[in-house]
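Please read the structure below before turning to the comments.
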Amino acid sequence: MSKNPFPFETVSRRNLLKLGAATGVLGPLALGTGSVQAVNARIHVVIVGAGAGGTSMANRLSQVLNGAKITIVDTREQHYYQPGWTLVASGVWEKSKTVTSTADWLPSGVDWVKGKVAEYDPDNNRVILEDGQQLGYDQLIVATGLQLRYEWIEGMDTRLIGQGKGVGSVYAGVDEAAKTSEEIDQWIASSQGKGLFNLPPTALKCAGAPLKMTFTTLSRLEASGQREAYDVEFMTPSGRLFGVDFYNQFVKQRFEEQGVTRNDHWTLKSLDSDAKRATYSVEGGPDQVKDYDFIHVVPPMTAPDSLLNSPLVNQEGESFATWMKVDRETLQNPDYPNVWGIGDVMGMPSNKTAASVKMQAKVLEQNFVAHLQERPLPAKHNGYTSCPLITSIGKAMLVEFGWNGELLPSFSFIDPKEESWTVWVMKERMLRPAYYAMLEGQI
Amino acid sequence: MTITGTLTVLWYSAQPWLWLIALMVVLFLVPQVIARLKGYHFSAKGGKGSKYFPPLIFILSIFLVPLHTDSTLAYVNTWVDWIALLGASFGLALYAWLVFHPICYLRNHKA
């Protein structure tokens, strides 16, 4: 397995860009797309969150807004390439491949406030930080990402991951992803036992990740030469494995072929990590208890608390309650037209992936500028999202779809319904550079 | 995806490998320049190295390129996979010929 063997992998991004410019070979290719005309706008834009969506918008808006003050709010000193965490948790990547400095990605001229928003007050065009500081704005972009609700699973604590108790979770963080891989190694080293893999009862980011973790673990079990010594079970709260019918059926069939027992309408309720026992609530029946040697926990997810307590969230009874209220095509909040959303925080089907952010950023940039110019909003998000569905370590399917599960392949020559080595290479070698190009607003 | 977008992604993908690309360019140019100063041209007589190494590298690449990407030849499945793999292997074999052919020429002339 590749373990970051080349020293330039650890050289800072800015130095690499300088080196690239110095070679002058391919430099012109890195020019921006420049699809939106720059405008003069003496306004204050506040972006909450310096993840994929926030950083991408900071870069895009700093290029198209002349005279604007842009403030980005986030506490995180490090930026994580989260789509790489499944590779870390599968033992394919070192965790260092997914970690860069937040400061490296923020354009000069953007103010970085290292704080966390405690309260949104859109009626008064301000956000209030946890330290009491108030930030007024003319335009607000909410790009906070989502909140992982491990605490909703009784007995679950992310500190259990890596303690040799057989608990793993790719979502908890990059360190936990690496420890998840270690827990899987320990399980395999025990030469037997049961692994439980789960989906949450809520919307989730990178909805393919729980499946990828199952498939890559199956790869590792098969590579041990003793696959028959291990039981693998997969629990679904909804009875579905994937939102798009074709892939739902594909994964079901593949699970059958690979000896994975599926338990539909089971939701992880509690863990007893010392006894290695999980309790599930089962739709229409009594709770069920399962012993395990390894369990991959996927937590319920919601918008962050600060947003849930604000007028910016969908209310009970509305679609996508517990998520930010936006028009799914324009990404504008219908109640507060100077408030916009991007990324995982928004209430819409699927669309909680970096690939979605790539498309949303283009739409948001165009609509944001049009709104400042008092023009009709020209761009509409088509619901594009993408998931290179790893079906084994070394092959994958390029799953790309929009609203209603309509397939939206980017490359006419890649069959979205076939497993492919090329797609694996794209996932392993090219999507991280593509992500960084997106962060800088280049694609 | 647009052509500009694809080229931008390729450029970002190439950045960690610029040192290797530069090294390969040097390894290509040095024997070429030295040999051409001594009358070398592409149709000149090479040697055993330039005759046997490129096909060997082509065959080895078919097995090693998937391994280098944490995969295996067994997962090379679609026609796109095969074109990509054969293209990469042919490219490496051609590069080997471009390096070894002038080196063999120089050895022949030295002898």
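Below, each value reflects all heavy atoms present in this structure, side chains not excepted, and no hydrogens, waters or symmetry copies. Convention: sequence-line order gives letters A, B, ...; per-chain numbering from 1.
- For A/Phe250, the CZ atom sits in a packed shell: over 12 heavy atoms of surrounding residues, nucleotides or ligands are nearer than 6.0 Å.
- In this structure, chain B has a heavy atom under 4.5 Å from the side chain of A/Phe411, while its backbone stays farther away.
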Inset, instruction - Starting from the C-alpha separation in whole Å, work towards a yes-or-no answer on side chain to side chain contact (heavy atoms under 4.5 Å, CB included) for B/Thr72 and A/Lys395. - result: CA-CA 9 Å; B/Thr72 161; A/Lys395 63 179 174 178; over 6 Å; no
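- Within 6.0 Å of the CZ atom in B/Phe42, the count of heavy atoms belonging to other residues, nucleotides or ligands exceeds 12.
- By the neighbour-count criterion of 12 heavy atoms within 6.0 Å, atom CZ of B/Phe90 is sparsely surrounded, having that number or fewer from other residues, nucleotides or ligands.
- Side-chain contact of A/Ser420 with B/Asp81: a donor-acceptor pair under 3.5 Å is present, judged by distance alone.
- Listed here is the closest heavy atom pair of B/His68 and A/Arg429: O-NH2, 2.7 Å.
- Atom CH2 in B/Trp79 sits 9.5 Å away from atom OG1 in A/Thr422 (nearest 0.5 Å).
- B/Thr69 and A/Trp421 form a side-chain donor-acceptor contact under 3.5 Å, judged by distance and modelled atom types alone.
- Neither the backbone nor the side chain of B/Leu67 comes within contact range of chain A, judged by heavy atoms closer than 4.5 Å.
- The CD1 atom of A/Ile393 sits 8.5 Å away from atom OH of B/Tyr75, with the distance rounded to the nearest 0.5 Å.
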Legend entry - A/Asp415/B/Thr78 under side chain to side chain contact (heavy atoms under 4.5 Å, CB included): CA gap, chis, key distance, verdict: CA-CA 8 Å; A/Asp415 188 338; B/Thr78 65; 5.7 Å; no
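- Side-chain contact between B/Ile83 and A/Phe413 is absent, with no heavy-atom pair separated by less than 4.5 Å.
- Across B/Ser71, B/Ala74, B/Ala84, the residue that shares the most heavy-atom pairs under 4.5 angstrom with chain A is B/Ser71.
- Ranked by non-hydrogen atom pairs under 4.5 Å with chain A, the options B/Thr6, B/Ile21, B/Val9 are led by B/Val9.
- For the residue pair A/Glu440 / B/Tyr12, a side-chain donor-acceptor distance below 3.5 Å is found, with atom types taken as modelled.
- More than 12 non-hydrogen atoms from other residues, nucleotides or ligands lie less than 6.0 angstrom from CD of A/Glu257.
- More than 12 heavy atoms of other shown residues, nucleotides or ligands fall within 6.0 angstrom of atom CG in B/Leu37.
- Heavy atoms closer than 4.5 Å to chain B are found in the side chain of A/Lys358, but not in its backbone.
- Looking only at distances, no side-chain donor or acceptor of B/Asp70 sits under 3.5 Å from a matching main-chain atom of A/Gly394.
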